[in-house]
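These figures come from a predicted structure and were not determined experimentally. Computation of the quantities below employed the complete heavy-atom set of this structure, encompassing side-chain atoms and omitting hydrogens, waters and symmetry-equivalent molecules.
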Amino acid sequence: MSEIKTFVLDTNVLLHSAHSLEGFADNRVVIPMTVIEELDKFKKNQDELGRNSRQVVRKLDSLRKTGNLSEGVRLDNGPGGAPCGTVQVVTGEDFEKVPKNMDMSIPDNRIIRVALMLKDQPGKFGKVTLISKDLNMRLRADALGIDVDDYESQKVSYDTLYSGTLDLDLADLDKFFMERQMDPPEGVTFFPNQYIKLKVPGTNKSGLGFYRDGKIIQAPPLPEDKVWNIKPRSIEQRIALLLLMDPAVQAVTLVGQAGSGKTLLALAAALEQLKMGRYERILVSRPIVPMGNDIGYLPGDKDEKLNVWMQPIFDNLDYLLHTGKENNDNLVRKKIEEMRRAGKLELEALTYIRGRSIPRQFVIVDEAQNLTPHEVKTIVSRAGEDTKMVFTGDPDQIDNPYLDASSNGLTFMAERFKKVAMHGHITLKKSERSPLAAAAATYL
């Protein structure tokens with residue numbers, strides 16, 4: 001008989017993923033009463049937290065109708081008839097074996113008290129683990145001898161996001177250039193649209209191919225080696241432009257440090273393909289998550305409020321639309337406004353994207369490292385016919401307090417989509433903005 005396992009869920013876990021209730025196989029999930037009270041505070045929010053709160057409460061209400069939540073109700077999370085877990089709501093008010101200095105007016109302390117109470121009954125609850133995305137709470141619970149963990153069902157290893165190099169001998173590389181394709185070596189795994197640097201060890205001989213339909217195919221050249229007057233400064237930037245310009249690749253994830261050119265390359269490819277008539281509109285969005293203290297209320301209508309958050313997009317467009325003949329800031333701003341009025345460029349907050357259907361558009365979601373996996377799923381599911389979606393971000397610069405480099409939506413999508421034939425990914429490893437920006441990304 002397997003050991004009994006009990007998982008006590010913090011509020012932030014349920015707000016992060018409404019499906020976390022069912023994410024612990026056939027074990028016991030305990031929801032402290034304090035968590036129910038905290039969920040109630042979010043139920044009227046129109047953002048992702050509010051939606052998750054309402055979904056969890058509806059799920060608990062449906063379970064209540066099948067049994068007594070205070071005693072435990074069976075879940076229906078067992079695949080193929082496998083054993084199901086249980087969910088139980090516990091108050092913990094009568095448990096007095098807590099440190100005297102714990103302030104029970106603090107919700108986190110009341111949740112910890114429930115975990116301590118269950119831990120005090122090993123015969124009934126077995127091994128008790130508190131699951132929280134709040135690092136501070138995990139530290140306090142650990143100090144009290146409670147097993148703690150982060151919610152990791154939607155985590156991937158950011159440090160091992162796929163990229164490809166392949167060592168060949170000179171004869172095989174020459175044959176590849178002649179035949180323009182080759183079979184991958186036995187036992188080596190590549191993913192659809194994965195770009196592979198082919199090189200001969202000890203020499204400067206190299207090539208670039210990409211994996212598609214079971215073959216490594218020679219990478220096509222960029223037209224005039226540039227896109228919208230932007231020339232790639234590294235092999236990774238060239239790969240990024242090839243993915244962005246390939247109509248067969250409908251979803252692209254660009255991961256890289258600050259200044260590596262993620263947003264600039266995406267906008268350049270969008271403008272180029274808008275001019276070609278491949279897409280009808282460019283839609284740019286980014287999560288509204290401030291770095292540091294929030295600036296508070298912003299006056300004006302929706303577009304005026306968005307202009308503050310979209311300033312990095314304007315900066316990149318400003319750079320791209322400057323030419324030798326038109327180097328006037330006012331003229332460039334006028335051109336941007338004309339694109340917006342003509343419906344060729346749309347800036348939208350992610351708050352308003354749910355429920356939309358987005359056909360024939362080039363969609364750029366900037367700063368996607370601040371999105372949860374569920375938010376990324378919501379955005380991608382908006383894609384209509386002939387739409388391309390590009391997600392850019394730096395997993396080392398996350399402002400969302402409950403996400404990290406391995407649990408954010410950007411890296412989650414890059415890893416989960418790696419076998420999807422219409423997806424491509426590249427990690428940009430070098431900052432190209434300026435020597436000073438590169439030094440900041442490396443040393444600070």
Side-chain angles (χ1 to χ4, degrees), residues 10 12-13 15-17 19-20 23 48-49 52 131-139 142 148-164 191 194 234 236-237 239-240 243 251-263 265-266 285-292 312 350 364-380 389-420 423-433 437-444:
D10 191 4
N12 50 56
V13 174
L15 292 175
H16 174 77
S17 172
H19 300 291
S20 56
E48 195 67 23
L49 299 179
N52 285 340
I131 306 297
S132 175
K133 300 195 72 61
D134 185 338
L135 178 59
N136 195 352
M137 185 167 182
R138 295 204 300 267
L139 291 173
D142 183 77
V148 294
D149 209 344
D150 191 2
Y151 181 63
E152 297 187 337
S153 75
Q154 292 182 313
K155 278 200 169 188
V156 298
S157 177
Y158 163 54
D159 295 328
T160 59
L161 284 180
Y162 65 96
S163 59
F191 302 103
Q194 180 177 355
S234 65
E236 288 83 12
Q237 285 196 348
I239 292 170
L243 289 171
V252 178
T253 47
L254 299 181
V255 171
Q257 64 185 23
S260 56
K262 307 176 295 296
T263 308
L265 296 173
S285 191
R286 64 204 308 262
I288 299 177
V289 180
M291 183 186 74
L350 288 176
I364 301 171
V365 180
D366 198 28
E367 300 291 334
Q369 78 277 2
N370 283 315
L371 298 173
T372 67
H374 183 68
E375 286 171 330
V376 167
K377 177 182 178 180
T378 299
I379 297 165
V380 176
M389 288 204 163
V390 180
F391 291 80
T392 72
D394 179 4
D396 288 324
Q397 292 191 349
I398 293 178
D399 302 308
N400 188 317
Y402 297 125
L403 297 177
D404 58 30
S406 297
S407 65
N408 69 87
L410 177 62
T411 51
F412 183 78
M413 178 180 175
E415 178 66 18
R416 289 298 183 94
F417 258 43
K418 65 184 181 183
K419 296 182 181 179
V420 177
H423 167 256
H425 168 78
I426 183 64
T427 298
L428 302 170
K429 299 179 180 178
K430 183 182 176 184
S431 176
E432 303 289 352
R433 182 174 289 155
T442 302
Y443 296 107
L444 298 181

Q: Looking only at non-hydrogen atoms, find the nearest pair between Pro287 and Leu371 and report the distance.
A: CB-CD2, 3.8 Å
Q: Any side-chain heavy atom of Pro312 within less than 4.5 Å of one from Glu367?
A: no
Q: What pairs with Gln237 under side chain to side chain donor-acceptor pair (under 3.5 Å), at least two apart in sequence or on another chain?
A: none
Q: Enter the distance from Lys377:NZ to Phe412:CZ here, rounded to the nearest 0.5 Å.
A: 9.0 Å
Q: Atom NZ in Lys430, atom CD in Gln257: separation rounded to 0.5 Å?
A: 10.0 Å
Q: Using the side chain to side chain donor-acceptor pair (under 3.5 Å) criterion, which residues pair with Thr392? Sequence neighbours excluded.
A: Asp366
Q: For Asp149, check side-chain contact (heavy atoms from CB on, under 4.5 Å) against everything at least two apart and list the hits.
A: Thr129, Ile131, Glu152
Q: Might you point out which heavy atoms bring Tyr151 and Gly23 nearest each other, and give the distance in Å?
A: OH-CA, 4.5 Å
Q: Can you check whether Thr253's main-chain N or O pairs, donor with acceptor, with Lys262's side chain at less than 3.5 Å?
A: no
Q: Would you please name every residue forming a side chain to side chain donor-acceptor pair (under 3.5 Å) with Ser20, sequence neighbours left out?
A: none
Q: Could you give me the CA-CA distance, side-chain angles and deciding distance for Arg138 and Asp150, then say whether side-chain contact (heavy atoms from CB on, under 4.5 Å) is met?
A: CA-CA 8 Å; Arg138 295 204 300 267; Asp150 191 2; 3.8 Å; yes
Q: Keeping Gln369 on the side-chain end and Leu410 on the backbone end, is there a donor-acceptor pair under 3.5 Å?
A: no
Q: Nearest heavy-atom pair of His425 and Ala414: which atoms, and what distance?
A: ND1-CB, 3.7 Å
Q: Does His374 offer a backbone N or O that forms a donor-acceptor pair with the side chain of Thr378 under 3.5 Å?
A: yes
Q: Hey, mind stepping through Asn408 and Asn370 against side-chain contact (heavy atoms from CB on, under 4.5 Å) and telling me if it holds?
A: CA-CA 7 Å; Asn408 69 87; Asn370 283 315; over 6 Å; no
Q: Under the side chain to side chain donor-acceptor pair (under 3.5 Å) test, which residues partner Asn52, sequence neighbours left out?
A: none
Q: Could you tell me which non-hydrogen atom of Ala240 sits nearest to which non-hydrogen atom of Leu428, and how far apart they are?
A: CB-CD2, 4.3 Å
Q: Any side-chain heavy-atom pair from Phe391 and Val380 closer than 4.5 angstrom?
A: yes
Q: What are the two closest heavy atoms between Ser407 and His16, and how far apart are they?
A: O-CE1, 4.5 Å
Q: Just verifying a value: how many Å separate Asp394 CG and Thr427 OG1, rounded to the nearest 0.5 Å?
A: 10.5 Å
Q: Testing the basics here: between Thr411 and Pro395, what is the closest heavy-atom pair and its distance to 0.1 Å?
A: CG2-CG, 3.5 Å
Q: Determine, step by step, whether Asp399 and Gln397 satisfy the side-chain contact (heavy atoms from CB on, under 4.5 Å) criterion, reporting the C-alpha distance in whole Å, the side-chain angles of both residues, the deciding distance to 0.1 Å, and the verdict.
A: CA-CA 7 Å; Asp399 302 308; Gln397 292 191 349; over 6 Å; no
Q: Using 4.0 Å as the upper bound for N to carboxylate O, is an ion pair formed by Glu236 and Lys429?
A: no
Q: After noting the C-alpha distance and the side-chain angles of Met137 and Ser132, does the key distance pass the side-chain contact (heavy atoms from CB on, under 4.5 Å) rule?
A: CA-CA 7 Å; Met137 185 167 182; Ser132 175; 4.0 Å; yes
Q: If the condition is side-chain contact (heavy atoms from CB on, under 4.5 Å), which residues does Leu49 pass it with, not counting sequence neighbours?
A: Leu15, Phe42, Asp47
